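For clarity, every value in this text was computed on a predicted model and none was experimentally measured.
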There are 2 protein chains.
Amino acid sequence: MTLSTAQRVADVLRERIEGGGLPPGTRLSEEALGRDLGISRNTLREAFRLLIHESLVVHRLNRGVFVRVVDPADVTDIYRVRAALECAGVRAAAGAGQPLREAVTAAVDGAERAAAAGDWQEVGSADLRFHRALAALSGSPRIDAAMDRLMAELRLAFHAMPSAHRFHEPFLERNRALATLLEDGEYGRAESELTTYLDDALELILGALQEREGENA
Amino acid sequence: MTLSTAQRVADVLRERIEGGGLPPGTRLSEEALGRDLGISRNTLREAFRLLIHESLVVHRLNRGVFVRVVDPADVTDIYRVRAALECAGVRAAAGAGQPLREAVTAAVDGAERAAAAGDWQEVGSADLRFHRALAALSGSPRIDAAMDRLMAELRLAFHAMPSAHRFHEPFLERNRALATLLEDGEYGRAESELTTYLDDALELILGALQEREGENA
DNA sequence: GCTAAGATATTGTTCAACAATTCTCAATAG
DNA sequence: CTATTGAGAATTGTTGAACAATATCTTAGC
């Protein structure tokens, strides 16, 4: 057995959460879930710890674990941190190695290919890879890890987005523009464009969240 | 009891580690520690997970957990992230609220008072507060949390520093200069000064680590 | 001195029982 | 009718034990 039971259970729960089967705010009862999955409470708790580390769920003492709720304040904060890390990457681009710079271009290429094929889910993945590649230009393992956690949190918020197509389409062109600016060494302009880019994306998401909020009235 | 057993155990271990009672590289035996602290292995492992999340200890599969060893590559990476977060704070200074800006000045004041009193340990604490206040200008809870983790990691490396006095003295003046630049709205100059400041500090620490490395030959 | 097989010790995983805490909900006082 | 309180139910926290998997140490043989 190369994968522990707890890991497999965590995989199942991760799928259910990201698939929408377990909506944000849901309480994950140890007894009910354990009986459902045929495992002991202790093993389930071990699985919870893995998901807590991914910040997919949160743990409240003596109250249990709940599927993470990402509210507008969280999304705003996530974009603040992204701006800091991705801008730092852009400013480090001049001194970054060739492989790191190529990863940026490769992500944009992938997004355009996926868009041409109409695979908008893959466009979304490529977009995440693009932004991760920007931050990775710093060459910092800690920044890479931080970006991964931020992206995992964002995925939860994306559940509220009505259409991946409509959300990602306008950014395809801007991704390409950013990549070109970097290739041309226009780091200052790339940074200011990236800043407004992130502000625009944040506003789109916040708008979608607010609309969805209105529905529950 | 408002704190879980695991949390209290984690607190005890954190103190022992930061106090030097458990030097970097020490293996934390589950059975021995559990017997020593009067808790079960399961609870101790829960405490370990909290410390792992703070990156005070590391876990190696089937080998147990060890007090974190911070090597030169780690220190370099930590300073890369600090540069990204603190510079982001400086650039957000214009839009930051009055309390956040006052915290920066207050930290510099505190450091100077402590230096005048000859309390160099307190100078070190005030210096950390100063840099945390810089990053906090972004107004981001996630950035605050990240800075706390980075500082905790750095404290482990500081154990290798021979003299807090010699290390901190030259930066007292530069802290004041930075705070003044911020008060005067000279954000561009503040950022470039901060960048060279962090580079200098990194070099000092790396030098000290290398010296200490030489001693163990 | 070095290698390999076996013995020992430690961590990984799972379980079931008990303790401590929170939650539910009806009864009561205002 | 609302707010409070308290007993009981439901849920999580903690423990100790057992067994499996892995690493480390010991020893025999070359």
Side-chain angles (χ1 to χ4, degrees), chain A residues 1-17 21-69 71 145 156 216, chain B residues 1-17 21-71 156 216:
Chain A
M1 197 202 305
T2 170
L3 230 59
S4 79
T5 306
Q7 273 173 298
R8 277 182 291 116
V9 170
D11 290 342
V12 170
L13 293 178
R14 194 182 302 108
E15 272 178 36
R16 287 196 193 174
I17 291 172
L22 294 170
T26 306
R27 174 160 158 277
L28 302 177
S29 158
E30 295 185 356
E31 193 195 4
L33 256 183
R35 196 158 22 81
D36 184 25
L37 298 169
I39 56 173
S40 79
R41 277 180 57 213
N42 246 320
T43 304
L44 183 56
R45 285 164 73 92
E46 177 66 30
F48 282 163
R49 282 165 198 130
L50 299 173
L51 298 177
I52 288 170
H53 194 254
E54 301 172 29
S55 63
L56 272 175
V57 303
V58 296
H59 176 212
R60 278 180 287 186
L61 188 63
N62 289 321
R63 300 206 180 168
V65 313
F66 300 77
V67 178
R68 173 73 184 284
V69 175
D71 63 28
L156 289 177
N216 306 356
Chain B
M1 197 203 305
T2 170
L3 234 58
S4 83
T5 307
Q7 272 172 295
R8 276 182 292 117
V9 170
D11 290 343
V12 170
L13 292 178
R14 193 182 303 109
E15 272 180 35
R16 288 196 192 172
I17 291 172
L22 294 169
T26 305
R27 172 162 158 276
L28 302 177
S29 159
E30 294 186 357
E31 194 195 4
L33 254 184
R35 196 157 23 80
D36 185 23
L37 298 169
I39 57 172
S40 78
R41 270 180 66 207
N42 261 326
T43 303
L44 182 56
R45 286 164 73 90
E46 176 67 30
F48 282 163
R49 285 173 195 115
L50 298 173
L51 297 176
I52 288 169
H53 194 253
E54 301 172 28
S55 61
L56 272 175
V57 303
V58 296
H59 177 213
R60 278 182 286 189
L61 188 63
N62 290 321
R63 296 201 184 170
V65 314
F66 299 79
V67 178
R68 173 76 183 284
V69 175
V70 179
D71 63 27
L156 289 177
N216 307 357

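Between the C1' atom of C/dG12 and the CG atom of B/Leu28 lies a distance of 17 Å, rounded to the nearest Å. Counting to the nearest Å, the P atom of D/dT24 and the CD atom of B/Glu30 are 14 Å from each other. Going from atom CZ of B/Arg35 over to atom C1' of C/dT10 covers 13 Å, rounded to whole Å. Rounded to whole angstrom, the span from the CG atom of A/Leu61 across to the P atom of D/dT12 amounts to 12 Å. Spacing between atom CD of A/Gln7 and atom C1' of C/dG12 amounts to 11 Å, rounded to whole angstrom units. Here D/dT12 presents its C1' atom at 9 Å from CZ of A/Arg27, a figure rounded to the nearest Å. Rounded to a whole Å, the CG atom of B/Asn62 is 10 Å from the P atom of C/dT11. Atom pair B/Glu46:CD and C/dT13:P shows a separation of 15 Å (rounding to whole Å applied).
Of all heavy-atom pairs spanning A/Val67 and A/Pro24, the tightest one is CG1-CA, 3.6 Å. Residues A/Glu46 and B/Arg49 share a closest heavy-atom pair of OE1-NH2, 2.8 Å. The two residues B/Ala10 and B/Ala47 make their nearest non-hydrogen contact at N-CB, 3.9 Å. Closest heavy-atom contact between A/Val57 and A/Phe48: CG2-O, 4.1 Å.
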Q. How far apart are the C-alpha atoms of B/Asp11 and B/Arg8, what are their side-chain angles, what is the distance that settles it, and do they pass the salt bridge (Lys or Arg N to Asp or Glu O under 4.0 Å) test?
A. CA-CA 5 Å; B/Asp11 290 343; B/Arg8 276 182 292 117; over 6 Å; no
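Taken from CZ in B/Arg16 to CG in B/Leu28, the straight-line distance is 10.0 Å, to the nearest 0.5 Å.
When side chains are defined from C-beta on, B/Arg68 does not count as touching B/Leu56, because their heavy atoms never get closer than 4.5 Å.
The residue A/Glu31 sits close only to the backbone: its heavy atoms come under 4.0 Å of sugar-phosphate atoms, none of a base.
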Between the protein and nucleotides 15-17 of chain D, list the N/O to N/O atom pairs that are separated by less than 3.5 angstrom.
| residue | atom | partner | partner atom | Å |
| --- | --- | --- | --- | --- |
| D/dT15 | OP2 | B/Thr43 | OG1 | 2.1 |
| D/dT15 | O4 | A/Asn42 | ND2 | 3.2 |
| D/dG16 | O6 | B/Asn42 | ND2 | 2.6 |

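For the pair B/Arg45 and C/dT11, the criterion of a side-chain N or O lying under 4.0 Å from OP1 or OP2 is not met. Taking side-chain N and O atoms only, B/His59 has a distance below 4.0 Å to OP1 or OP2 of C/dG12.
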